[in-house]
Amino acid sequence: MKFASALGAAVLLLALAGSSHAVPPVSSTQKIDLGKLQGKGFPPSMKVTVYRAPGAGTRQPLVLIVPQYGSVIEDGWFASQADYFTDAGYVVAVPHLTDLYQDDRQMPAYVGRMRRDLVEDTTPYAVELLAPLIALTGPDGPATPQHVVLGVGYGAIVAANYAALGPPGCEGLVMISAGFGVRKDLQPEEDDMRDSVDAFGRLGHKVKLPSLWLNAASNRRISDQTAQQLFAAFHAGSPAATLRVLPDLGVDGDWLFSVATAPAAWQPETGKFLAA
């Protein structure tokens with residue numbers, strides 16, 4: 001990746017500053033009109049929340065965050081995560097794909113059993129990620145085409161499908177707590193697990209970018225063993241992938257990217273990946 005020039009001293013600054021941020025990032029939520037964009041599968045319009053450092057006046061590389069299922073973007077869910085990247089000189093965009101996730105007509109709900117075809121089902125959402133990318137990296141946009149995509153939970157599967165499309169300027173993929181969700185009181189059936197592993201294997205053969213997988217111990221949705229199995233299948237086709245299993249956070253590891261105590265866990269690994 002070529003992000004070293006974009007980070008450079010910013011990585012050192014982050015290391016010295018820790019998790020304290022004197023000035024929060026500036027955010028704006030806008031509706032992007034997609035009527036003029038050429039591309040099969042784009043919706044007529046979509047909302048995206050954009051975060052920038054205060055006073056940032058130049059176009060900067062982009063971090064495209066794909067939220068987990070059920071995130072409420074309007075409540076500033078990702079504001080504390082975004083300031084890590086804006087401090088390092090990035091523009092951060094969070095598309096409101098959850099508006100689509102929660103529409104049962106587009107993604108039928110699944111409870112107890114894992115959707116065997118769930119990986120393939122995320123392709124339409126992956127295509128729609130191109131929409132904010134095109135709008136934000138155009139001649140008048142705040143970001144450059146150079147970007148990394150970061151997905152959380154179910155959003156990590158969408159992000160991987162997006163990376164598999166080979167979008168211009170995409171230089172890396174970060175997958176946090178990637179896997180299939182099941183009810184906490186149920187275990188996936190053997191056939192479902194086998195299909196899930198096979199699906200991640202197929203996905204790995206499509207993704208040729210460097211990727212970083214982050215999972216935390218004590219995750220009640222994705223056990224360490226499950227994470228290892230899914231990653232191994234993915235890695236077989238995508239050898240540039242790296243898995244890091246982080247220590248017990250003291251909370252459900254599925255909240256690795258969200259809870260206040262977690263940034264000290266995910267930030268160093270993510271910073272090293274971006275600067276590599």
**Student:** Partners of Asp248 by side chain to side chain donor-acceptor pair (under 3.5 Å), sequence neighbours excluded?
**Tutor:** Ser218

**Student:** Provide the closest heavy-atom pair for Met175 versus Ala178 in the form atom of the first, atom of the second, distance.
**Tutor:** CE-CB, 3.8 Å

**Student:** So, do Arg52 and Pro142 sit near enough that their side-chain heavy atoms are less than 4.5 Å apart?
**Tutor:** yes

**Student:** Going by side-chain contact (heavy atoms from CB on, under 4.5 Å), name the residues that satisfy it together with Gln81, two or more places apart in sequence or in a different chain.
**Tutor:** Phe78, Phe257, Ser258, Trp266

**Student:** What are the two closest non-hydrogen atoms of Ala82 and Val92, and how far apart are they?
**Tutor:** O-CG2, 4.0 Å

**Student:** Which distance, rounded to the nearest 0.5 Å, do you find between the OH of Tyr51 and the OG1 of Thr86?
**Tutor:** 10.0 Å

**Student:** Distance-only check: which donor-acceptor pairs under 3.5 Å involve side-chain atoms of residues 234-241, not counting sequence neighbours?
**Tutor:**
residue : atom : partner : partner atom : Å
His235  : NE2  : Pro239  : O            : 3.4
Ser238  : OG   : Val207  : O            : 2.9

**Student:** Just verifying a value: how many Å separate Arg244 CZ and Ile176 CD1, rounded to the nearest 0.5 Å?
**Tutor:** 14.0 Å

**Student:** If you round to the nearest 0.5 Å, how far is CD1 of Ile32 from CG of Leu136?
**Tutor:** 5.0 Å

**Student:** Mind listing the closest non-hydrogen atom pair of Ala143 and Val91 along with its distance?
**Tutor:** CB-CB, 4.0 Å

**Student:** Less than 3.5 Å apart, which donor and acceptor atoms pair up between the side chains of residues 210-217 and the rest of the protein, not counting sequence neighbours?
**Tutor:**
none

**Student:** Is it the case that the side chain of Thr226 and the backbone of Ile222 share a donor-acceptor pair, with hydrogens and angles ignored and the cut-off at 3.5 Å?
**Tutor:** no

**Student:** CD of Glu171 to CG of Leu274: how many Å apart, nearest 0.5 Å?
**Tutor:** 10.5 Å

**Student:** Enter the distance from Thr144:OG1 to Tyr90:OH here, rounded to the nearest 0.5 Å.
**Tutor:** 9.5 Å

**Student:** Only one of Leu62, Val174, Ile65, Leu64 forms a side chain to side chain contact (heavy atoms under 4.5 Å, CB included) with Val148, so which one is it?
**Tutor:** Val174

**Student:** Apply side-chain contact (heavy atoms from CB on, under 4.5 Å) to the pair Arg220 and Asp254, showing each step before the final yes or no.
**Tutor:** CA-CA 7 Å; Arg220 289 180 288 177; Asp254 205 25; over 6 Å; no

**Student:** My understanding is that only residues two or more places apart in sequence, or in another chain, count here; which of them pass side chain to side chain donor-acceptor pair (under 3.5 Å) with Tyr162?
**Tutor:** His147

**Student:** Any idea which heavy atoms bring Val197 and Ala233 closest together, and the distance?
**Tutor:** O-CB, 3.3 Å

**Student:** Is the backbone of Gly138 close enough, under 3.5 Å, to the side chain of Arg59 for a donor and an acceptor to pair up by distance?
**Tutor:** yes

**Student:** Which atoms form the tightest heavy-atom contact between Leu150 and Val152, and what is the distance?
**Tutor:** CD2-CG2, 3.8 Å

**Student:** Roughly how far, to the nearest 0.5 Å, is the CD1 atom of Ile134 from the CG atom of Leu129?
**Tutor:** 11.0 Å

**Student:** Looking at residues at least two apart in the chain, or sitting in another chain, which of them share a side-chain contact (heavy atoms from CB on, under 4.5 Å) with Thr58?
**Tutor:** Gln60

**Student:** For Asn219 and Asp252, what are the C-alpha separation, side-chain angles and deciding distance, and is it a side-chain contact (heavy atoms from CB on, under 4.5 Å)?
**Tutor:** CA-CA 5 Å; Asn219 190 317; Asp252 185 353; 3.8 Å; yes

**Student:** Do you know the tightest heavy-atom contact between Gly172 and Leu209?
**Tutor:** N-CD1, 4.2 Å

